[in-house]
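The block underneath contains the structure these notes are about, expressed in structure tokens.
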Amino acid sequence: NTDRYHFIHEEIKDYQLVNISAWDKDIYQTVEKLLPDYRCTSLSTALLKISASLQENIAVYVDNSVITIIVKKDKQLQAINSFYFSNEADFCYYLLAFLRKFAPDYVMQTTILLGNINNTSPICETLKRYFKNIQMDREKIIEFLVKFNYKFTETNQIIAVKLEFAQIVY
């Protein structure tokens, strides 16, 4: 039943596409009422905009138990998908299965990790078995989000209110 949802259409000019996200209508209206100066956007839209400015062809964003993978080739989007994971094995399985399908030469490419992860985490240690060149770059994502007036805590963690179908990043 689509009457329960509010749909947001967000243009990503760099890839010449429109991302459509569905929000629970009551939640969306409440957020707009309580935070009228903030723009609701989906996480995938923000990540697609970030990836367009990156030199790397593979971007992996990690937030708690969700991984979002973006693959591009010759500055054109090839694929994007998000997966829930519960442990390092799941994380690696979803990542590698996705890359094998959409970026078969992933081992030879630089992969950038963004989001809530550090280089000593079990996930990162596991990834080192599969990738020759992993770059951790929280500064790139923070720099991008600051341009769009997103706010951070004192420790530069990204603040996000998680909703049923999307995220509001403010």
Side-chain angles (χ1 to χ4, degrees), residues 8-22 41-150 152-153 155-160 162-163 165-169:
I8 297 178
H9 300 79
E10 299 170 288
E11 185 176 1
I12 295 107
K13 292 179 182 178
D14 291 315
Y15 294 128
Q16 299 177 2
L17 62 87
V18 174
N19 189 37
I20 301 171
S21 56
T41 188
S42 69
L43 177 62
S44 58
T45 295
L47 294 175
L48 284 165
K49 288 180 179 180
I50 291 168
S51 74
S53 67
L54 297 175
Q55 289 181 328
E56 296 83 3
N57 284 329
I58 302 170
V60 178
Y61 177 80
V62 182
D63 183 26
N64 296 325
S65 60
V66 178
I67 175 178
T68 301
I69 309 160
I70 298 172
V71 175
K72 62 183 184 177
K73 183 177 182 181
D74 300 324
K75 298 187 180 187
Q76 295 297 312
L77 179 67
Q78 299 299 301
I80 178 174
N81 208 344
S82 295
F83 304 95
Y84 289 95
F85 65 92
S86 57
N87 55 48
E88 297 84 34
D90 284 353
F91 179 95
C92 286
Y93 173 81
Y94 295 133
L95 175 61
L96 294 173
F98 188 81
L99 293 180
R100 283 183 184 125
K101 180 167 183 152
F102 295 104
D105 61 343
Y106 69 90
V107 175
M108 303 306 293
Q109 296 193 43
T110 299
T111 300
I112 186 166
L113 291 173
L114 302 166
N116 191 7
I117 191 170
N118 65 56
N119 61 0
T120 59
S121 72
I123 288 173
C124 197
E125 291 300 318
T126 303
L127 287 177
K128 289 176 184 174
R129 291 187 233 158
Y130 300 98
F131 291 88
K132 292 181 180 178
N133 189 3
I134 299 175
Q135 294 179 359
M136 306 277 307
D137 201 336
R138 294 188 69 213
E139 295 305 314
K140 282 187 181 183
I141 196 168
I142 290 169
E143 176 186 321
F144 172 83
L145 293 174
V146 167
K147 287 180 190 176
F148 289 89
N149 297 317
Y150 292 84
F152 301 91
T153 64
T155 59
N156 278 338
Q157 294 294 317
I158 297 167
I159 299 170
K162 294 189 184 217
L163 300 177
F165 287 95
Q167 292 191 0
I168 302 169
V169 181

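Computation of the quantities below employed the complete heavy-atom set of this structure, encompassing side-chain atoms and omitting hydrogens, waters and symmetry-equivalent molecules. The model shown is predicted, which means the values in this text are computed figures rather than measured ones.
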Query - Contacts of Asn87 that satisfy side chain to side chain contact (heavy atoms under 4.5 Å, CB included) - sequence neighbours left out - result: Ala89, Asp90
Query raised in the report: What heavy-atom pair brings Phe85 and Val62 nearest, and what distance separates the two atoms?
Result: CZ-CG1, 4.2 Å
**Report entry** Taking every non-hydrogen atom, the tightest pair across Phe102 and Gln78
**Finding:** CD2-O, 4.4 Å
**Report entry** Gap separating the OG1 atom of Thr111 from the CG atom of Asn57, nearest 0.5 angstrom
**Finding:** 9.5 Å
**Report entry** Atom pair CD1 (Ile80) and CG (Leu48), whose distance is rounded to the nearest 0.5 Å
**Finding:** 4.0 Å
**Report entry** Nearest non-hydrogen partners of Ile69 and Phe83, listed with the distance
**Finding:** CD1-CE1, 3.7 Å
Query - Within-4.5 Å side-chain heavy-atom neighbours: Leu95 and Tyr106 - result: no
Query raised in the report: Would you say the side chain of Ile8 lies within less than 4.5 Å of the side chain of Thr41, judging by non-hydrogen atoms?
Result: no
Query raised in the report: How long is the gap from CG on Leu113 to CD on Glu56, to the nearest 0.5 Å?
Result: 10.5 Å
Report summary line: Hits for side chain to side chain contact (heavy atoms under 4.5 Å, CB included) against Asn19, two or more places apart or cross-chain, chain-then-number order -> Glu10, Ile12, Ser42, Ser44, Thr45
Report task. Could you tell me which non-hydrogen atom of His9 sits nearest to which non-hydrogen atom of Val18, and how far apart they are? Result -> CB-CG1, 4.0 Å
Query raised in the report: Nearest 0.5 Å, what's the NZ-CD1 distance between Lys73 and Ile58?
Result: 11.5 Å
Report summary line: Taken in chain and number order and not counting sequence neighbours, the residues that satisfy side-chain hydrogen bond (donor to acceptor under 3.5 Å, both in side chains) with Thr126 are none
Query - Heavy-atom pair with the smallest gap, counting every atom of Lys49 and Glu11 - result: CE-O, 3.8 Å
**Report entry** Leu54 versus Lys72, closest heavy-atom pair with distance
**Finding:** O-NZ, 2.6 Å
Query raised in the report: At what distance, to the nearest 0.5 angstrom, does CG of Leu96 lie from NZ of Lys101?
Result: 15.5 Å
Query raised in the report: Rounded to the nearest 0.5 Å, how far does OH of Tyr94 lie from SG of Cys92?
Result: 12.0 Å
Requested in this report: May I have the step-by-step check of side-chain contact (heavy atoms from CB on, under 4.5 Å) for Val71 and Phe98, ending in yes or no?
Outcome: CA-CA 9 Å; Val71 175; Phe98 188 81; 3.9 Å; yes
Report task. Could you walk me through whether Ser51 and Tyr15 pass side chain to side chain donor-acceptor pair (under 3.5 Å), step by step? Result -> CA-CA 10 Å; Ser51 74; Tyr15 294 128; 2.8 Å; yes
